[in-house]
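Just so it is clear, the model here is predicted, and its values are computed rather than measured. Lettering follows sequence order; numbering is per chain, from 1.
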Amino acid sequence: MPKRRNITADKRDEFRRRLLAWYAEYGRDLPWRNTDDPYHVLVSEIMLQQTQVDRVIPKYHEFLEKYPNVEQLADAPTDEVKENWKPLGYNIRPVRLQMIAREVQAEYGGTIPDTPEELQKLKGIGKYTAGAVSCFGYRKAVPLVDTNVDRVLQRVFFGKHASESTKDEKQIWELAAELVPQENAYDYNQALMDFGATVCMARKPLCLVCPMQAICAAYPISA
DNA sequence: GTCCCGAGGA
DNA sequence: TCCTCCGGAC
């Protein structure tokens, strides 16, 4: 028997409402990337895999200046692409990113796929990145779960702490799917990650000023 | 589960 | 020093 989660529609609505209200007032809403171009989103999301935003931003602009579109990235020498990736780390990522560009050229006529299912067929794009490109690059109302979203949902809905988080991945994705609004999924997903990064942090969450206090199953973690 | 990989903070 | 960071492949 699956464990009953007992999460009411009311709580989901309240969560969305509070999150978007918080985002409207405090969200960073960084216009640092051009989300009208899925290629730009793809590059940034690959860079963001296990790498902090602040460290990605300068490299992202530099990289796009050298490789402004899928075709030019696909045609570039791989060694040069790897060199231009430094010092971001996880250096298999530039190789895979270029392989993706080449496959998009060869198999998709130069257009990056817009659904998570198609995107995940490309090596280097997992469940999170597929959702991110689909949502942020094509404005699709799809769920996405990264380390921030995972932590926030675990805490608010399951009352767990970060250290016990990595399990129940399937449950979290299901919950994330239930929560995504059809209307402004872009803002919602952006808000959710930003909230996890700036309020509901892994180590010392700002429970004292958190807008989720009244509905969070883990409150208070810290005071 | 393990490895990849580097900067910054506690 | 250890932990974390808008993960993914094996």
[X] [atom1] to [N] [atom2]: how many Å, rounded?
X        : N     : atom1 : atom2 : answer
A:Met193 : C:dC5 : CE    : P     : 13 Å
A:Leu144 : C:dG8 : CG    : P     : 10 Å
A:Asp54  : C:dC5 : CG    : C1'   : 11 Å
A:Glu45  : C:dG8 : CD    : C1'   : 14 Å
A:Asn91  : C:dG7 : CG    : P     : 17 Å
A:Tyr186 : C:dC6 : OH    : P     : 16 Å
A:Gln52  : C:dC5 : CD    : C1'   : 4 Å
A:Glu169 : C:dG7 : CD    : P     : 13 Å

Looking at [X], does any N or O in its side chain come under 4.0 Å of the phosphate oxygens OP1/OP2 on [N]?
X        : N     : answer
A:Gln49  : C:dG7 : no
A:Arg151 : C:dC6 : no
A:Thr147 : C:dC6 : no

Inset, instruction - Kindly indicate whether the side chain of A:Phe136, heavy atoms from C-beta on, has any atom under 4.5 Å from the side chain of A:Leu144. - result: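 Heavy-atom side-chain distance check passes, below 4.5 Å.
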Legend entry - Pairs touching residues 119-134 of chain A that satisfy salt bridge (Lys or Arg N to Asp or Glu O under 4.0 Å), sequence neighbours left out: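 Salt bridge (Lys or Arg N to Asp or Glu O under 4.0 Å) check on residues 119-134 of chain A returns A:Glu118-A:Lys121.
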Inset, instruction - Could you tell me whether the side chains of A:Tyr26 and A:Thr198 share a donor-acceptor contact shorter than 3.5 Å? - result: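 Checked: A:Tyr26/A:Thr198 side chains show no N/O donor-acceptor pair below 3.5 Å.
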Inset, instruction - Would you indicate whether A:Lys59, at its atom NZ, is surrounded by more than 12 heavy atoms from other residues, nucleotides or ligands within a distance under 6.0 Å? - result: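 For A:Lys59, atom NZ is crowded (more than 12 foreign heavy atoms under 6.0 Å).
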Legend entry - A:Ile100, A:Val81, A:Leu42, A:Leu64 screened by side chain to side chain contact (heavy atoms under 4.5 Å, CB included) with A:Leu73, the one that passes: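 Filter result, single survivor: A:Val81.
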Legend entry - Whether A:Arg155 side chain and A:Cys216 backbone form a donor-acceptor pair below 3.5 Å: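 Side chain of A:Arg155 to backbone of A:Cys216, a donor-acceptor pair under 3.5 Å: no, none is there.
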Legend entry - A:Lys82 side chain to A:Asn91 backbone, donor-acceptor under 3.5 Å: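 Answer holds: no.
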Inset, instruction - Please state the P separation for the pair B:dA7 and C:dA9 - nearest whole angstrom. - result: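 B:dA7 and C:dA9 have their P atoms separated by 24 Å.
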Inset, instruction - For C:dC10 versus B:dC5, give the span between their P atoms, rounded off to a whole number of Å. - result: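 Roughly 15 Å separates the two P atoms.
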Legend entry - Outermost nucleotides of DNA chain B that come under 4.0 Å of a non-hydrogen atom of chain A: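 Boundary nucleotides touching chain A, in 5' to 3' order, are B:dC4 to B:dA10.
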Inset, instruction - Select from A:Gln120 and A:Asn148 the residue whose nearest nucleotide in DNA chain C is closer to the 5' end of that strand. - result: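 Its nearest nucleotide being more 5', the pick is A:Asn148.
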Inset, instruction - Could you state whether A:Val142 and A:Leu153 fall into the same hydrophobic cluster, counting links through intermediate Ile, Leu, Val, Met, Phe, Trp or Tyr residues with side-chain heavy atoms under 4.5 angstrom apart? - result: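 Looking at the clustering, A:Leu153 is in a separate group from A:Val142.
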Inset, instruction - Name the nucleic acid region contacted by A:Arg93, choosing base, sugar-phosphate or nothing; use a 4.0 angstrom heavy-atom cut-off, strictly under. - result: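 Answer is nothing: A:Arg93 stays at 4.0 Å or more from every strand.
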Legend entry - Within residues 122-137 of chain A, residues whose heavy atoms come under 4.0 Å of DNA chain C: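 Within this stretch, A:Leu122, A:Lys123, A:Gly124, A:Ile125, A:Gly126, A:Lys127, A:Tyr128, A:Thr129 sit under 4.0 Å of the strand.
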